[in-house]
Amino acid sequence: MTVWVTGANGFIGRHLVHALAAAGRAVHGVGHGALDAAEARRLGLQSWINGEIDAANLNALAAAHGPPAQIYHLAGGSSVGVSIERPFEDFSRTVTSTARLLEWLRGAAPNCSVIAASSAAVYGADHPGPIPESAAPTPMSPYGQHKLMMEQLCASYARSYGINCTVVRLFSVYGPNLRKQLLWDICSRLNAGQPSLDLGGTGAEIRDWTDVRDVARLLADVAEPSPQDAFRVINGGSGRGTSVADIAAGLVRQWGGSTAVRYSGIARPGDPVSLLADDASLRRIGFDWRIPLDRGLADYVAWFRQQAA
């Protein structure tokens, strides 16, 4: 089976390509980042186009390798902070790229199914417990708003043109090769030997942390179209919440030492107090999260030290 991955050179994309190739899929990618042929093969890509998600590049892939049976759409903005600083750039990366992809599919490969990576950021704030997919979206940031707009485009093309779309709302994905956000920031400071860590927020913020290797399995597992619905939304979370303070303490413990962690008490812009998945949909399909948090943090610290050596 031929599958395409947009954003295949990104954090989640690289892990997904590896999982798909290991399962025997012929994987082709398009997105940003220079990859030579040797590096593309190492990742599991049979071909790679460094460029925009647009008709020219999609046509080039189809001409060279035939139309895809499935497209994993991971291209898009990946940072709340960047979306606040440069909202139009985030809109272009997330919304415009999705519109171009869906319009190309409508004309060139209408039977191809789409698995689109969205974000729990669409839910926004004021959710004290597990959030079901039916909760009303109230995004707090341009990042969350643009992910919601991406979802609405998928729903529109599913209703109007029969394009089968599965949207997976990912929660707090971490793991080897993540070079930004909380875990990267803390390990960078620990590696620099800082005697204490000063972090924003209160430390009590709850997140649903999922290892990227499990997330790659999840995306691959939900690829089969739903026989009932052309469009569906699935929470890509474990249903287990862990505070930022516990994550920081776990990283310090895995690193070794007794570095103190302090919190400013000031909420970060666009940062909800709690984002925790209601995982009923994943339990119904029998998906299991295999990598416990302690092991995931240990693996991340080991990976970071290897990169820093």
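Atom set for the values below is all heavy atoms of this structure, side chains included, hydrogens, waters and symmetry mates excluded.
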### Task
Answer yes or no: is there a donor N or O on one side and an acceptor on the other, between the side chain of R217 and the main chain of A19, under 3.5 Å?
no
### Task
Using a 4.5 Å cut-off on heavy atoms from C-beta on, say whether the side chain of L102 contacts that of C165.
yes
### Query
If only atom types and distance count, is the side chain of D36 paired as donor or acceptor with the main-chain N or O of A38 below 3.5 Å?
yes
### Message
When you compare the side chain of E151 with that of R169, does any pair of heavy atoms fall below 4.5 Å?
### Response
yes
### Task
Might you point out which heavy atoms bring C187 and V301 nearest each other, and give the distance in Å?
SG-CG2, 4.2 Å
### Query
Does one side chain, of R179 or Q307, offer a donor that lies under 3.5 Å from an acceptor on the other?
yes
### Query
Would you say I12 and L170 make side-chain contact, with heavy atoms under 4.5 Å?
yes
### Message
Tell me whether S118 contacts the main-chain N or O of V167 through its side chain, where contact means a donor paired with an acceptor under 3.5 Å.
### Response
no
### Separation of H146 NE2 from S97 OG (nearest 0.5 Å)
11.5 Å
#### Entry: Side-chain donor/acceptor of E89 to backbone N/O of P87, under 3.5 Å
no
### Query
Taking the side chain from S113 and the backbone from N164, do they hold a donor-acceptor pair closer than 3.5 Å?
no
### Task
Given side-chain hydrogen bond (donor to acceptor under 3.5 Å, both in side chains), test D208 with S238 step by step and report yes or no.
CA-CA 6 Å; D208 192 327; S238 69; 2.6 Å; yes
### Message
Using a 3.5 Å distance criterion without hydrogens, assess whether the side chain of Q181 forms a donor-acceptor pair with backbone atoms of L178.
### Response
no
### Task
Using a 4.5 Å cut-off on heavy atoms from C-beta on, say whether the side chain of Y263 contacts that of V244.
yes
### Task
Mark yes or no for whether N235, through its side chain, and I131, through its backbone, hold a donor-acceptor pair below 3.5 Å.
yes
### Query
Judged by modelled atom types alone, do D299 and Y174 share a side-chain donor-acceptor pair under 3.5 Å?
no
### Query
Does a side-chain heavy-atom distance below 4.5 Å link V30 with L61?
yes
### Query
Regarding N9 and R14, is there a side-chain donor-to-acceptor distance under 3.5 Å anywhere?
yes
### Message
Strictly distance-based, threshold 3.5 Å: is any side-chain N or O of S83 a donor or acceptor partner for the main-chain N or O of V80?
### Response
yes
### Message
Any heavy-atom pair between the side chains of V114 and T166 that's under 4.5 Å?
### Response
no
### Side-chain heavy atoms of Y123 within contact of P272, under 4.5 Å
no
### Message
For W184 together with F304, are the ring centres under 6.0 Å from each other?
### Response
yes
### Message
Membership question, hydrophobic clusters at under 4.5 Å side-chain separation (ILVMFWY): are L74 and V27 in the same one?
### Response
yes
### Task
For the pair S47 and H28, evaluate side-chain hydrogen bond (donor to acceptor under 3.5 Å, both in side chains) and give the outcome as yes or no after the intermediate values.
CA-CA 5 Å; S47 67; H28 305 273; 2.6 Å; yes
### Query
Heavy-atom distance under 4.5 Å between the side chains of H73 and L101, does that happen here?
yes
### Task
Compute the ring centroids of W4 and W104, then answer whether they are less than 6.0 Å apart.
yes
